[in-house]
Amino acid sequence: MNDLLYKKNILALSSHNSNLSLEIHSLKPLNSVITLPAKDGNMIPVIEKGNTKIQLHSMYDPVSEAEKLYQTSKKGSCFIVIYGLGGGYHILPYLNDDFIEKILIIDTGKRYLRKIIEDIDLTAIFTDPKVNILFDPDFAELSEFISENYIPAVFGNLNIVHLKNRVQSESLFFEKITNNINLILDKVLNDFASQAFFGKRWFKNIINNLKYAEGQQVIPKAKQKAAIVGAGTSLEMQLNHLKESVEDTLIFASDTAAGYLLLNGITPDYIISIDCQHITYNHLTGYDLKDIPVIIELGSPLFLSRYFKNRIYVTSGNPLSCLIASVWRYFQYVDTAGGNVSYAGLSIASSIGINEITLYGVDYSYIKYKPYARDTFIYKYFNKDSIKTNSLENSIYSFSSDSNLYECSKKDVYSNKRMDFYYKSILSYIKKEDINVKGAPFSPRKIYHKSKKKNTADYKLFSSGSPKMPWNVFLEDYKESLKTLPDFKNQYNRYITSLSKKEREIWTTIYPVCATFRKELREKNLSTPQILHITKEWCISEIEKVIRE
């Protein structure tokens, strides 16, 4: 044991990971790990398993071997996960790459680490600010780290690098880590995919909607019960049941279902629209809905603000909307994590304080291959092109067939991965919030939860405060905040920690736009400073357009 080297390593490790350092210092080294000199003089960790000796690096030239691994594993990612610490030779090239922003090293066996740091100098790795080390992480620890530190819009793809012999020596451990990372990334990358697709659109919609969001807002009425109405096929069979409940029920209709209800003699109390795409316009054409109050996210299309006379703006998870709600004008937060209007409708109804809710036309499935209630927008769309050789029914069947459907446990009820996600999300939300919810008769998938709370409505304020300044003054201030953000002088991690809290918040507001540019410019493999500079300049330009209008 090299006592001086060991102390240097422990001190270096404690600079960023004091808990791990203290734990390692209290352990005895693992006897089955030895270190041997390679031909170039570098010390190599060797794991003894019975009569087998597993050398974690080349016994001839570990530095050259590490350089080859680095060159072959570069994939334009700024965020690297490395399986296996070993002697650290394979990690050093990434430390010297200014393109790399974060490195996460994962390994197992703290007594194994105790032995390695007795004989191999790892101080350069332990003290580098972009390096993080997790030994034996459970799912919660791994999830917390990746969720808080991996920002796809900023860092691009996440790249995993294997120290081959180390991974093979602990194959079950690293297999479990890979499975856990994939589960964590499913959610992170789903969020990124939405941002990449909608980032620019959200930003444009939000800054354009402010002039309309400055005015007076409607305050939702209070009733004992609420109905959330989607446009699923079951709605055709549930209409009579809904009509019987109209008097004492607050009706929230999705933008897809609103016109259908009107055609059948039911005027919803509110229309809910959370989609930022212009396709929403198709749900409204042909109906006189403009006098019905609409609940819309700040990132909804501008035509909704122009069309509806009575608007209730809400915010969801978009960071720019959240900034606006905190510094310009308060808007009610609505949970839209379920990705569909019915989920948002439940969040709205429970925010008002209603605890007895029935879902109509919320199918999360196709009944007999029918995707929506008849006479909703999709039927009108296909009916325009209907001809004898290609009937409306054929068009609807083809639409459903292209949706990767499979038959559920209930006969003639079909679903797919997307609708399953919606269904599981809404069930999880109902249970978490403990709301009295049931599906109306003829619902194809069971949605039911009996709350343990007292069955009394506790009506809450669902309204916005007064604007703290004119909308254009807010945009001018916001634009100046973007313009005056300090330029990058080092890597993102060091740069972002050098900023004030307000400056970090301003950067966060444009990350969804950054995700779109990541997608659009992915072939260029831009660095983090480059992608953020392009994003910032585009956002400033868009704000200036709105102010000039």
For D138, enumerate each residue passing the salt bridge (Lys or Arg N to Asp or Glu O under 4.0 Å) test, keeping only those at least two apart in sequence or located in another chain. none
If we count only N and O atoms by modelled type, under 3.5 Å, do the side chains of T528 and Y495 hold a donor and an acceptor together? no
If you compare all heavy atoms of [X] against all heavy atoms of [Y], which two are closest, and at what distance to 0.1 Å?
X	Y	result
G338	S425	CA-CB, 4.0 Å
R445	S415	NH1-OG, 3.0 Å
P301	N209	O-OD1, 4.3 Å

Can you list the steps and then say if T336 with S347 is a side chain to side chain contact (heavy atoms under 4.5 Å, CB included)? CA-CA 8 Å; T336 60; S347 177; over 6 Å; no
Under the ring pair (Phe, Tyr, Trp, His ring centres under 6.0 Å) test, residues paired with [X] that sit two or more places apart:
X	result
Y364	none
Y260	none
H533	none

Does anything in residues 294-312 pair up under salt bridge (Lys or Arg N to Asp or Glu O under 4.0 Å), and if so which pairs, sequence neighbours excluded? D291-K309
So Y313 and S305, side chain to side chain contact (heavy atoms under 4.5 Å, CB included) or not? Walk me through it. CA-CA 9 Å; Y313 292 95; S305 294; 2.7 Å; yes
Does the side chain of [Y] come within less than 4.5 Å of [X]'s, by heavy atoms?
X	Y	answer
L323	I506	yes
F331	I324	yes
D434	S451	yes
L210	W328	yes
I296	V314	no

Six-ring centre of F139, K176 cation under 6.0 angstrom, axis tolerance 45°: no
With side chain to side chain contact (heavy atoms under 4.5 Å, CB included) as the test, would you mind laying out the steps for L261 and I251 before giving the verdict? CA-CA 10 Å; L261 291 182; I251 299 176; 4.3 Å; yes
Tell me whether K438 at atom NZ has more than 12 heavy atoms from other residues, nucleotides or ligands lying less than 6.0 Å away. no
Give a yes or no on this: more than 12 heavy atoms of other residues, nucleotides or ligands lie within 6.0 Å of atom NZ of K243. yes
[X] side chain vs [Y] backbone, donor-acceptor pair below 3.5 Å:
X	Y	result
Y150	L158	yes
Y423	K446	yes
E236	R374	yes
S321	G317	no

Going by side-chain hydrogen bond (donor to acceptor under 3.5 Å, both in side chains), name the residues that satisfy it together with D335, two or more places apart in sequence or in a different chain. Y343
Any ion pair linking D363 and K370 (charged N to carboxylate O, less than 4.0 Å)? no
Hey, mind stepping through S481 and E505 against side chain to side chain donor-acceptor pair (under 3.5 Å) and telling me if it holds? CA-CA 10 Å; S481 295; E505 286 177 348; over 6 Å; no
Chi angles and distances behind the side chain to side chain contact (heavy atoms under 4.5 Å, CB included) call for N416, M419: CA-CA 5 Å; N416 58 24; M419 289 190 286; 3.5 Å; yes
